[in-house]
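Structure record follows, encoded as structure tokens.
Just so we're clear, the structure is a prediction, and the values are computed from it rather than from any experiment. Quick note on labels: first sequence line is chain A, next is B, and so on, each numbered from 1.
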Number of protein chains: 2
Amino acid sequence: MSQAFRLKQSIEDAVIAGEFLPGDRLDEASLAERFGVSRTPIREALLQLGAEGFIDVRPRRGAIVSVPSPTRLFEMFETMAEIESACGRLAARRLTPDNDAAMETAHRACEIAAHEGDSEQYYADNRNFHEAIYRASRNSFLADQAFALHKRLSAYRRIQLRARNRLLQSLQEHAGILEAIRAGDEQLAATRLHDHVLVQGERFSDMVLGLAGDRRSDAAGRSGTAK
Amino acid sequence: MSQAFRLKQSIEDAVIAGEFLPGDRLDEASLAERFGVSRTPIREALLQLGAEGFIDVRPRRGAIVSVPSPTRLFEMFETMAEIESACGRLAARRLTPDNDAAMETAHRACEIAAHEGDSEQYYADNRNFHEAIYRASRNSFLADQAFALHKRLSAYRRIQLRARNRLLQSLQEHAGILEAIRAGDEQLAATRLHDHVLVQGERFSDMVLGLAGDRRSDAAGRSGTAK
DNA sequence: GTTTCTAATCTTGCATACAATTTGTATATG
DNA sequence: CATATACAAATTGTATGCAAGATTAGAAAC
């Protein structure tokens with residue numbers, strides 16, 4: 001495959017891994033040297049990442065890793081909550097043995113990681129669990145959207161999972177979600193997934209803001225110029 | 001602003017306007033000549049559109065306007081339905097006088113177009129109405145997502161709105177949606193928006209497939225390899 | 001008449017070169 | 001000492017050239 005696509009993946013991975021922090025400049029020349037290619041495929045990779053919202057490409061002013069404001073970040077988590085709950089609703093309606101088994105496997109892995117207190121491992125297994133739910137929606141387009149947003153939020157999710165006791169609490173929520181999906185209770189599955197995701201967003205916002213106010217009123221209070 | 005971004009917009013507009021039909025090749029050289037620039041900014045524009053899912057960029061094989069399969073198309077409409085209902089739910093919870101007025105204005109415009117039977121005008125006003133709901137969610141990130149998907153589906157929506165009587169039926173559904181949002185009934189607003197959007201997807205699928213089977217079983221029955 | 005192999009042609013991918021714009025620095029001025 | 005201006009350096013945007021892979025056309029074989 002062409003270099004530009006490989007580079008896009010590499011740069012994305014580097015950002016997810018935290019090698020480039022929010023606000024860091026992604027200099028074309030440096031990246032070109034680092035990967036041993038010319039600026040052209042680097043530019044193409046950066047522009048694609050920009051179009052996906054992964055980084056900020058400001059014309060004539062270079063690319064930087066996005067720095068979402070606390071409000072924006074909350075909006076992203078809220079959107080993630082809505083999309084995940086949609087996946088859960090559809091999964092509850094359409095669950096097949098295959099998807100059920102995949103979720104079970106992922107859940108078991110989370111269990112082990114949680115009881116060992118291995119937050120790095122739990123982070124990875126948690127991702128698999130959520131992806132299993134996306135697939136269980138049996139709507140691959142929706143699953144793609146969910147997966148993309150999950151990736152964009154992964155940096156913030158990781159930080160937040162380090163919080164004490166959050167692992168075991170997260171695991172219990174997973175169990176409740178699984179139960180609802182298996183029972184075919186669309187409404188319950190949607191609600192539980194929604195809360196599960198949003199609590200992460202709220203906790204993160206708390207961390208960022210250093211206070212425990214009501215985040216929803218923050219999101220609701222902003223000027224809201226869409227597009 | 002740089003040429004690549006202008007070109008991206010121009011090409012996107014041309015696709016939305018139906019100048020390039022699904023399956024058409026987007027030849028770099030021809031586009032470069034048409035816009036009087038070199039291939040470089042054209043390539044950059046195409047890659048960005050590809051990253052947004054607007055077109056298909058296949059390595060070494062050029063870009064074409066996406067040709068979603070009927071199944072994929074249904075999945076996209078189903079996703080749109082979920083996102084729109086999320087917007088409606090939040091709008092019902094957070095409605096402000098400003099957003100209320102904006103929806104009212106857009107609804108009035110739809111009313112006029114519908115009664116005059118002007119489907120082209122209704123198409124434009126309908127878009128404004130839905131955008132007003134996105135904004136009323138007071139979550140600009142969610143609204144952006146909704147807007148982007150709306151654009152991707154616009155070609156198919158337009159065709160479908162030409163169906164006889166659909167204008168007046170659509171208008172009535174709008175009235176019901178507005179009523180639910182104003183009543184602050186999150187659940188009802190979500191359900192009505194969901195059905196309003198999904199009926200378009202189902203109708204379109206019927207048109208494409210030329211039969212009146214149950215589209216849901218189609219979507220549920222596919223192999224569902226997400227990502 | 002159909003299929004398969006080969007060669008010519010066309011298109012895309014990448015590197016390099018240059019032009020245009022922004023950013024940084026030093027100097028002058030109030 | 002702060003501010004403004006002019007010049008220098010660094011960085012991005014676009015054009016062009018060439019190499020590599022894909023598509024098409026034609027000839028040969030079945």
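- Note on A:Ser2: only backbone sugar-phosphate atoms sit closer than 4.0 angstrom, heavy atoms only; bases stay farther off.
- Take the nearest nucleotide of DNA chain C for B:Thr40 and for B:Ala29: the residue whose nucleotide is more 5' is B:Ala29.
- Computed from coordinates, the A:Glu44 CD to C:dC14 P distance equals 6 Å when rounded to whole Å.
- For the OP1/OP2 pair of D:dT12 and a distance below 4.0 Å, the side-chain nitrogens and oxygens of A:Arg43 include no atom meeting the criterion.
- Residues A:Asp125 and A:Ile112 form no side-chain contact, since every pair of their non-hydrogen atoms from C-beta on lies 4.5 Å or further apart.
- When rounded to the nearest whole Å, the span between CZ of A:Phe35 and P of C:dA15 equals 13 Å.
- Distances shorter than 4.0 Å separate none of the side-chain N or O atoms of B:Arg39 from OP1 or OP2 on C:dA15.
- As rounded to whole Å, 14 Å separates atom P of C:dC14 from atom CG of A:Leu47.
- A salt bridge between A:Lys8 and A:Glu52 is present, with a side-chain N of the basic residue lying under 4.0 Å from a carboxylate O of the acidic one.
- With respect to the salt-bridge test (charged N to carboxylate O, under 4.0 angstrom), the residues A:Arg135 and A:Glu131 qualify.
- Checked against B:His130 for a side-chain hydrogen bond (donor to acceptor under 3.5 Å, both in side chains), the options B:Glu84, B:His150, B:Arg157 give a single hit: B:Glu84.
- Spacing between atom CG of B:Leu7 and atom C1' of D:dG13 amounts to 12 Å, rounded to whole angstrom units.
- At a threshold of 4.0 Å, the pair B:Arg72-A:Asp144 counts as salt-bridged, since one of the basic side-chain nitrogens sits closer than that to a carboxylate oxygen.
- Taking atom CZ on A:Arg25 and atom C1' on D:dT12, their separation rounds to 9 Å, with Å as the unit.
- Between the P atom of D:dA22 and the CD atom of B:Glu28 lies a distance of 15 Å, rounded to the nearest Å.
- One atom, CG of B:Asp27, and another, P of C:dC10, lie 12 Å apart when rounded to the nearest Å.
- The interatomic distance linking A:Arg58 (CZ) with D:dT12 (C1') rounds to 12 Å, in whole Å.
- Ion pairing between a basic and an acidic side chain is recognised when a charged N comes within 4.0 Å of a carboxylate O; B:Glu44 and B:Arg6 show no such pairing.
- Across all strands, A:Arg61 comes closer than 4.0 Å only to sugar-phosphate atoms, never to a base (heavy-atom distances).
- Interface remark: the A:Arg60 side chain does not form any donor-acceptor pair with the C:dT21 base, using a distance-only criterion of under 3.5 Å.
- Note on the helix from C:dG1-D:dC30 to C:dG30-D:dC1: terminal axis deviation equals 20°, with five pairs used at each end and the result rounded to 10°.
- Here A:Arg89 does not pair with A:Glu82 in a salt bridge; the nearest charged N to carboxylate O distance is not below 4.0 Å.
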